[in-house]
Amino acid sequence: MRFDTKVVRATVEPDPTTGAIVPPIYQTATYVLPEIGKNRGYDYTRSSNPTRAQLESMLAALEGTKYAVTYASGMSAVDAVMKMFRPGDHIISSDDVYGGVSRLFNRILSHYGMEFTYVDSSNPNNVAEAIRPNTKLIWLETPTNPLLKVTDLEAIAKIAKEHKIICGVDSTFATPALLRPAEFGIDIVMHSTTKYISGHNQIIGGAVLTSDEEIHKQLRFVQKAIGAVPSPFDCWLIIGGLRTLALRMERHSQNAMKVATFLEQHPKVSRVSYPGLPSHPGHQVAKRQMSAFSGMISFELKGGIPAGVALLNNVKLCALAESLGSVETMITHPATMTHAEVPKDERLARGLTDGLCRLSVGIEDVQDIIEDLENALEKI
Ligand SMILES: *Cc1c(COP(=O)(O)O)cnc(C)c1O
């Protein structure tokens with residue numbers, strides 16, 4: 001089965017008792033046992049649930065891994081990975097990771113004795129140079145949020161293997177429709193299923209995928225022991241969203257390419273970051289490892305904070321909303337929204353400049369998106 005067929009058909013079997021083409025939601029906490037010491041595959045929903053199991057086998061089939069484990073959020077998925085490590089373990093992370101991930105690392109896990117080093121992983125040498133005797137994990141994001149930096153997964157997987165270090169990738173921006181990190185030798189793939197995987201802004205969820213049995217066992221144990229599980233109803237909604245993933249990612253990517261090209265030519269925009277643009281420093285690597293470039297763009301307005309505020313207050317179609325990866329176009333201004341609490345010096349050092357805007361390009365008619373941006377840009 002080819003990928004686009006798998007997305008629609010893999011593991012979604014009609015219900016054997018009724019023939020319902022969409023499998024039911026097993027909204028149950030527990031299961032009646034046939035006798036002591038036996039069960040029918042399920043005993044308690046924190047451990048396992050048929051709707052969740054279906055979502056997990058679907059995700060594994062798409063990502064090309066043996067296993068998938070799902071969680072109540074992307075953050076609990078990252079946390080579950082980190083629970084495999086111990087005080088004194090050192091972790092190297094991409095520097096431009098999702099803000100919630102660096103908050104988890106710096107403000108929670110570091111209190112438990114885990115050490116973190118942030119490097120610009122778009123240059124693999126930076127990762128190699130940061131390795132210490134106690135380095136246990138390399139944690140990457142590609143493309144990153146919000147600067148859209150691209151990391152060469154094959155190069156980093158090679159470095160990780162040489163040093164027997166586990167390598168994980170937060171692949172939320174790409175999804176298995178555009179990039180399958182396991183094919184490049186990456187051990188762990190993580191998704192915030194809140195974003196493109198479910199695709200409709202209806203749920204919060206996360207997933208961790210691997211083909212390594214030992215890692216999978218640990219993740220399952222953490223899922224059961226800590227209990228950050230997604231509800232059966234949320235799993236059912238994710239399954240529904242997932243079935244149009246290939247179609248959506250194609251349209252997100254096409255639309256984003258057109259919007260990025262429009263923005264790059266606009267006189268009030270000084271810089272556009274989109275891995276699909278030949279001007280993007282990671283374009284060649286992205287082209288090699290991804291089949292398209294997804295729907296995320298960031299761009300810099302010449303007028304700094306006032307321009308950012310004016311643009312966001314004047315868009316009509318683009319929703320002024322945090323989050324990304326849903327069917328509707330959403331726009332944020334990190335300096336006054338997601339990163340408003342970060343001290344200015346630190347924010348600027350991280351490349352989150354005053355005029356930076358982040359756009360999650362939806363699947364609407366691209367002409368409407370461009371006209372909306374054009375009208376709002378005129379007013380700043
Ligand atoms: C949203 C996001 C997360 C966190 O996921 P939640 O589902 O919001 O908990 C992690 N990484 C990336 C890249 C994200 O975009």
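Order of appearance sets the numbers: ligands from 1, and atoms from 1 within every ligand.
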For this session: Could I get the full list of side-chain contact (heavy atoms from CB on, under 4.5 Å) partners for K302, not counting sequence neighbours?
Result: S270

Exercise. What pairs with K195 under salt bridge (charged side-chain N to carboxylate O under 4.0 Å, His left out), at least two apart in sequence or on another chain?
Worked result: none

Exercise answer, ligand 1 polar atom pairs (N/O) under 3.5 angstrom:
residue: ligand 1; atom: 5 (O); partner: S192; partner atom: OG; Å: 3.1
residue: ligand 1; atom: 7 (O); partner: G74; partner atom: N; Å: 2.9
residue: ligand 1; atom: 7 (O); partner: S192; partner atom: OG; Å: 2.8
residue: ligand 1; atom: 7 (O); partner: T194; partner atom: OG1; Å: 2.6
residue: ligand 1; atom: 9 (O); partner: G74; partner atom: N; Å: 3.0
residue: ligand 1; atom: 9 (O); partner: M75; partner atom: N; Å: 2.9
residue: ligand 1; atom: 11 (N); partner: D170; partner atom: OD2; Å: 2.6
residue: ligand 1; atom: 15 (O); partner: K195; partner atom: NZ; Å: 2.7

Problem set entry | Euclidean distance, I197 CD1 relative to I203 CD1, rounded to 0.5 Å | 9.5 Å

Problem set entry | ILVMFWY cluster membership beyond Y31 - transitive side-chain contacts under 4.5 angstrom | Y42

For this session: Mind checking the CD-CZ spacing from Q218 to F85? Nearest 0.5 Å is all I need.
Result: 8.0 Å

Problem set entry | Backbone N/O of A310 and side chain of N314: donor-acceptor pair under 3.5 Å | yes

